[in-house]
Every structure is written in structure tokens, then in C-alpha cells.
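So you know, we letter chains A, B, ... as the sequences are listed, proteins then strands, and number each from 1.
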Amino acid sequence: MYQAPRGTQDILPADRPYWRYVTEEMHRVAALFGLQQIDTPIFEETGLYVRGVGEGTDIVDKEMYSFQDKGGADITLRPEWTAGVMRAYIEHGMHVLPQPVKLYSMGPIFRYERPQAGRFRQHHQFNVEMLGELDPAVDLEVMSVAWTLLGRLGYRGLNFQLNSTGCPKCRPAYRQALVEYFARYEDRLNDTDRRRLKINPLRLLDSKEEAAQPLLNDAPHSVDYLCAECASHLATLRGYLDALDMPHSINFRLVRGLDYYTKTVFEVWAEGIGAQAAVCGGGRYDRLIEELGGPPTPGIGFGMGIERVIASLKAQGVQPPPLPAPRVQVSPLGEAARAAGIKLARDLRDAGIGAVMAFGGRSLKSQLKSADKAGVRYALIIGESELAEGKVLAREMATSEQAPVPLDEIAAWLRGRLA
RNA sequence: GUGGCCAUAGCUCAAUAGGCAGAGCAUCUGGUUGUGGCCCAGAAGGUUGCGGGUUCAAGCCCCACUGGCCACCCCA
């Protein structure tokens, strides 16, 4: 038996109402903020991600689906949206557009990881980027997209985890302070954390190692080491958040795993998806476009995991609206009636009325059962006598009332009643 | 990549101490002519995830693989 590859899943019709509900709201909210949709290829040159996401990150070092195509090109399945969108910004000269350029995307992301609740090898992300403007009001705008969206979907108790990772000017001093602090307690760290201390000391902050916990509270906070520009950027952003009553907690342990972040970083956490609680994460990346060969251009964005959003909505008991269903079932009795029924179904669809056929020459009883299960409002019965009179018997399922209606009037008759 | 738990019908789960693989739901059919929901009856549905091993005998014990869940790593 074949099974879906590890960490992938089929999105079945039963789950579709959630997907439709969530993705339609994403399009709607994007429109409210003047975001324009962009799609980039599902694979890119491997080098783009190595350069954009950064060597030494987990994504690049061990999570990319990379291969050589038949022409020998090094290709990687999209492990995140940002690098590809930046590539498109540069390639299409979007710096000549009015800034900031506000973009959103939706689609699958691939990472070779060990699956667990809320984490898959293929998942889908809603992604937002605002490029070309350093104003903290843009940070607020980006966070507001996530805020508005989650609020409209029915989330309760939303709260941002917020931090600033500084910039190339102030980060070295902070990094140095961290190293000095933890070096004093090196004998109390285990091997994993000792390795972090050498390679990426910021990582120590979200260590879950037992031994490190007592040390973390007194560790230096990045916000205390920010340069004047970064400090004022954060203060201004917080002022905006307060003014809009958007709750946020400074989480000095929030450090993101992608190299390109500067200044603002944030996450939104939600319940009901296990240990992988981040439903949305993002931040500012003011060096990235330049790093990828474009003009110096600031940017900020976030990714939101659609599977996690849905899992969390389910946990909160949010019910999506039902999908549009067919309104009538055509139920022919006998071979002659069947030909008329097929034609009737076609005419109804041409008139914009959703119609399903009862197949297989089943008994009327069986056909009404299936009409009941399909949830149609009317069963349109065509038997010998109806056929002879050029009529159809329209049975309203909910009331069991039925009336003969001339075939050439049925579309109009239904349209009046289904409105 | 590391560790723990797990895998029986489409779904949720049973199966004594190793001794003939079952139920509910869902599906299909019927309960007298062309009338659904409730009820009743019946049918269909399984190489017990896959492959080996132990045994007279394996769903049950052992090994490997695949997949799932949980935690780590990390992230959405």
C-alpha cells in the first residue's frame, strides 16, 4: 500500500471548509491593507536560499529539499517565502514602484524535518512582506495584518511576543555581553548549550535545557544594548501598539532562527497545536535585499502557518461556514426519463443553479435518501407521467411538499424560491 | 538527527494466558406499485501497516522497515 510521504498529508473534502474560511479571510484582509498578491516558483536555485536564509541556520544546514535537475542545476524546494519574494523584487525592479511595496503570498513550504504535531515536511504559509520603508509604522502595519486576520478568524486572547535583535551596529556589543555572561557559568551548561555559546550565543536564550534555566532570567537583554536608532524604533513601535490596544509582551528570549532579522522580531502563539505554539512569526530584515544583490532596501514581514491556524481554530471551537452545496437533485425514474433528466441538469447549471444527478437507476426511495444526504433543497422527480406531461415533480425536502412544474418553467420557478 | 509511546474494516475501537478476527458509526440493499430523515433486517467491507523470525499454533512474543503521536533540535 502506498502512503502519503512522511510529513505530508492529503487535505480532504471534510477539512475544506476550514481551508476555504481561512484562505478567503487572508485574501480579504490583504485587500484591506492594500497588499498585492505575488507567487514565486515553488523551487529556486539553491544558492538563493543559502545566501538569503544564511549558512549556519537549521533550514539551510539540514532542512532543505535540494536536488540536481536533469540539466545539472542545483534546485531547492521553497523552504520559506521571503528569499524568493526578495529575488522577485530585485529581478523586476520593484524599487521603482511607490514604496513601501506591500506583498502577500500563499502556498506550500517544504522542510525536511521530523514531523510532529503542528509540524510537517510540506505545510502552507500565508506570507506578508512590506519593502522599502524603515518607518516603525510599517512594523505596526505588518503586525496589524496578522492581528486583524487572527481576530477576524475568531481568535481570543491574542498577544504578540516582541523583541528587538538590534542591528549590525549594536548587536556585536550585545553578543559580547552574552558570551561573557554565559562564559562565567560555562561549567553549569551542558554540551548542547556550550556548543551554542561558541556558534550562536543568541540561541542560548531559547534553550530548554534544564541546567540553563536558572541562568536565563539574569542574562543580559538585547533591549538594554540597542543603539539609539534601534531603541527609538522599538519605543515608537510599542507606542503605536499601545495606542491601538494591541497587547504585546517583550520576550527577551525571542530570537529567530533565520540570520537576516534586524531590529523588530515577533511571534504570535496559540493553543491547541502542541509544543509548536507559534502560529505566526516574523520580523524586520533591513540588510537582506542588499545581501541578495539589490539596492539597500529595508523590509519587514511574517509567515503564518495555515495548518497551525486551522488546528488552533479547531481547538478553540471555531466553526467555519459551510461550503456552497448543490441546491437540487435531479431524480429520473426509468431510461426515457433519464435522458430528460440529464438535459434538465445541464439546463439548470447553465442557469446558474447547482444540480446533482441521481445515478445508477436506483429506486426513488434510494434517490430521495441520497438527496437528503446531499442536503439539497429540492428533489426534481421525473417519472413516466411527468415525462408524458412535460413536467417535473419538485419536492421540497424540508417540508415534503411537492408540486408539478412545467419543464420549461422550472429554472425560473427554482430561481424565485432559492434566492 | 536523538529519545519514548503506538499501528486491527473507510472512521472510533474490542479480541481471556499465544488457540476459528468482532462491535458501533459510515456505505449498499430490502421492509409489496413512484417518496427521504426515525426504526427493523440483511449485505459488503480484513493478507491485523510491510517483511522476516520463534512456536504445533502469532493481531498478541522477537528483529528490521514504513508511518503516526509526544518530547528534544528547530520552526509556521
Side-chain angles (χ1 to χ4, degrees), chain A residues 1-9 12 14 53 56-63 78-82 106-128 146 150 190-193 195-196 200 203 206-210 254-258 265-270 273-282 301-312 329 331-334 337 358 360 362-387 393-402:
Chain A
M1 279 272 276
Y2 289 109
Q3 294 171 283
R6 179 164 218 197
T8 68
Q9 56 200 328
L12 300 172
V53 178
T57 62
D58 276 13
I59 288 182
V60 167
D61 286 355
K62 51 184 205 190
E63 296 179 357
R78 177 169 67 211
E80 59 114 46
W81 271 102
T82 302
M106 250 187 256
I109 295 293
F110 304 88
R111 291 183 196 168
Y112 187 84
E113 297 187 90
R114 184 111 175 230
Q116 88 188 57
R119 193 173 71 186
F120 313 101
R121 289 185 172 181
Q122 176 180 353
H123 76 279
H124 297 75
Q125 279 189 24
F126 171 64
N127 186 262
V128 168
L150 293 172
N190 63 17
D191 290 347
T192 311
D193 281 342
R195 192 162 3 99
R196 286 190 176 110
N200 193 347
R203 275 272 100 84
D206 60 0
S207 171
K208 280 154 194 138
E209 301 293 337
E210 195 77 25
L254 179 62
V255 291
R256 301 190 53 76
L258 288 72
V265 291
F266 66 92
E267 290 187 353
V268 178
W269 295 347
I273 46 181
Q276 313 301 320
V279 78
C280 166
F302 70 80
M304 186 180 285
I306 298 179
E307 282 85 352
R308 286 188 187 177
V309 167
I310 290 173
S312 180
Q329 174 180 284
S331 301
L333 300 170
R362 291 177 178 169
S363 67
L364 179 58
K365 172 180 181 147
S366 163
Q367 294 196 30
L368 286 173
K369 262 189 198 177
S370 65
D372 191 45
K373 279 170 191 142
V376 298
R377 179 111 170 255
Y378 289 96
L380 303 180
I381 302 163
I382 310 177
E384 306 271 316
S385 50
E386 288 80 12
L387 195 58
L393 191 57
R395 176 181 179 84
E396 184 172 22
M397 298 302 289
T399 61
S400 299
E401 284 169 17
Q402 52 190 30

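With distances taken from any side-chain atom of A:I381 to the nucleotides B:U35, B:U66, B:C28, the minimum falls on B:U35. Distances were taken from every side-chain heavy atom of A:A117 (C-beta onward) to each of B:C70, B:C69, B:G34; the shortest belongs to B:C70. Side-chain proximity of A:D372 to B:U35, B:G1, B:G37: nearest is B:G37. Of the candidate nucleotides B:C74, B:G34, B:A76, B:G34 has the atom nearest to the side chain of A:L364. When distances are taken from the side chain of A:Y112 to each of B:G1, B:U35, B:C74, the shortest belongs to B:G1. For A:R362, taking side-chain heavy atoms from C-beta onward, the closest of the listed nucleotides B:C28, B:C74, B:U35 is B:C28. Out of B:G34, B:C28, B:A76, the shortest distance to the side chain of A:L333 is found at B:G34. Listed nucleotides: B:C74, B:A76, B:U35. Nearest to the side chain of A:R111: B:A76.
Closest of all the heavy-atom pairs between A:F126 and A:I306 is N-CG1, 4.0 Å. Among all heavy-atom pairs drawn from A:R308 and A:A278, the shortest one is NH1-O, 2.7 Å.
Residue-level contact check: A:E63 touches the backbone only, with heavy atoms under 4.0 Å from sugar-phosphate atoms and none from bases. Among the atoms of the strands shown, base atoms are found under 4.0 Å from some heavy atom of A:E386. Here A:G375 lies out of heavy-atom contact (under 4.0 Å) with every strand. Residue contacts for A:I306: at a heavy-atom cut-off of 4.0 Å it reaches no nucleic acid atom on any strand shown. A:I109 comes within contact range of no nucleotide atom at all, as no heavy-atom separation falls under 4.0 Å. When heavy atoms are screened at a 4.0 angstrom cut-off, A:S370 is found touching no nucleic acid atom at all. Looking at heavy-atom distances under 4.0 Å, A:F126 makes no contact with the nucleic acid at all.
Remark: A:E307 CD to A:F120 CZ distance equals 6.0 Å, nearest 0.5 Å. To the nearest 0.5 Å, atom CD of residue A:E63 and atom OG1 of residue A:T57 are 8.0 Å apart.
Separating the C1' atom of B:G51 from that of B:A64 is a span of 8 Å, rounded to the nearest Å. If you take atom C1' in B:U35 and the same atom in B:G10, they sit 29 Å apart, rounded to whole Å. Rounded to the nearest Å, the gap between the C1' atom of B:G46 and that of B:C13 is 15 Å. The gap from the P atom of B:C6 to that of B:A23 amounts to 27 Å, rounded to the nearest Å. Taking atom C1' in both B:G67 and B:G31, one finds a spacing of 44 Å when rounded to whole Å. Nucleotides B:C11 and B:U27 place their C1' atoms 12 Å apart, quoted to the nearest Å. Using P as the reference atom, B:A14 and B:A9 are 12 Å apart when rounded to the nearest Å. Only the C1' atoms considered, B:G22 is 13 Å distant from B:G45, to the nearest whole Å.
In terms of position along RNA chain B, the nucleotide closest to A:M397 lies nearer the 5' end than the nucleotide closest to the other residue of the pair A:M397 and A:M304. Residue A:R395 is the one, among A:R6 and A:R395, whose nearest nucleotide of RNA chain B lies closer to the 5' end (criterion: closest heavy atom).
Contact annotation: side chain of A:Q402 to base of B:U35, donor-acceptor pair present below 3.5 Å. Contact annotation: side chain of A:K365 to base of B:G31, donor-acceptor pair present below 3.5 Å. If you check distances only, the side chain of A:S385 does reach the base of B:G34 with a donor-acceptor pair under 3.5 Å.
Following rounding to the nearest Å, A:M106 (CE) and B:A76 (C1') show an atom-to-atom distance of 15 Å. The distance from atom CD of A:Q3 to atom P of B:G68 is 8 Å, rounded to the nearest whole Å.
Between A:Q116 and the phosphate of B:A71, there is a side-chain N or O to OP1/OP2 separation shorter than 4.0 Å. Side-chain N/O atoms of A:S331 include none lying less than 4.0 angstrom from OP1 or OP2 on B:U35. Distances shorter than 4.0 Å separate none of the side-chain N or O atoms of A:R114 from OP1 or OP2 on B:A71. Distances shown here put a side-chain N or O of A:K373 below 4.0 Å from the OP1 or OP2 atom of B:U27.
Pair assignment for B:A23: B:U12, on the basis of Watson-Crick or G-U wobble contacts that are both within less than 3.5 Å. Under the Watson-Crick and G-U wobble criteria, each requiring two contacts below 3.5 Å, nucleotide B:G59 is left unpaired. The partner of B:A41 is B:U29, by the rule that a Watson-Crick or G-U pair needs both atom distances under 3.5 Å. Look at B:G1: its Watson-Crick or wobble partner, with both distances under 3.5 angstrom, is B:C72. With a 3.5 Å ceiling on both atom-pair distances, B:U48 lacks any Watson-Crick or G-U wobble partner. Look at B:G18: it lacks any Watson-Crick or wobble partner with both distances under 3.5 angstrom.
In terms of modelled atom types and a separation under 3.5 Å, the side chain of A:E396 and the main chain of A:R377 share no donor-acceptor contact. A donor-acceptor distance shorter than 3.5 angstrom exists from the side chain of A:S370 to the backbone of A:Q367, with no hydrogens or angles considered.
Taking the centre and axis of the six-membered ring of A:Y112, the NZ or CZ atom of A:R121 falls inside the cone set by 45° and 6.0 Å.
By the 4.5 Å heavy-atom criterion applied to side chains, A:E384 and A:L333 are not counted as neighbours.
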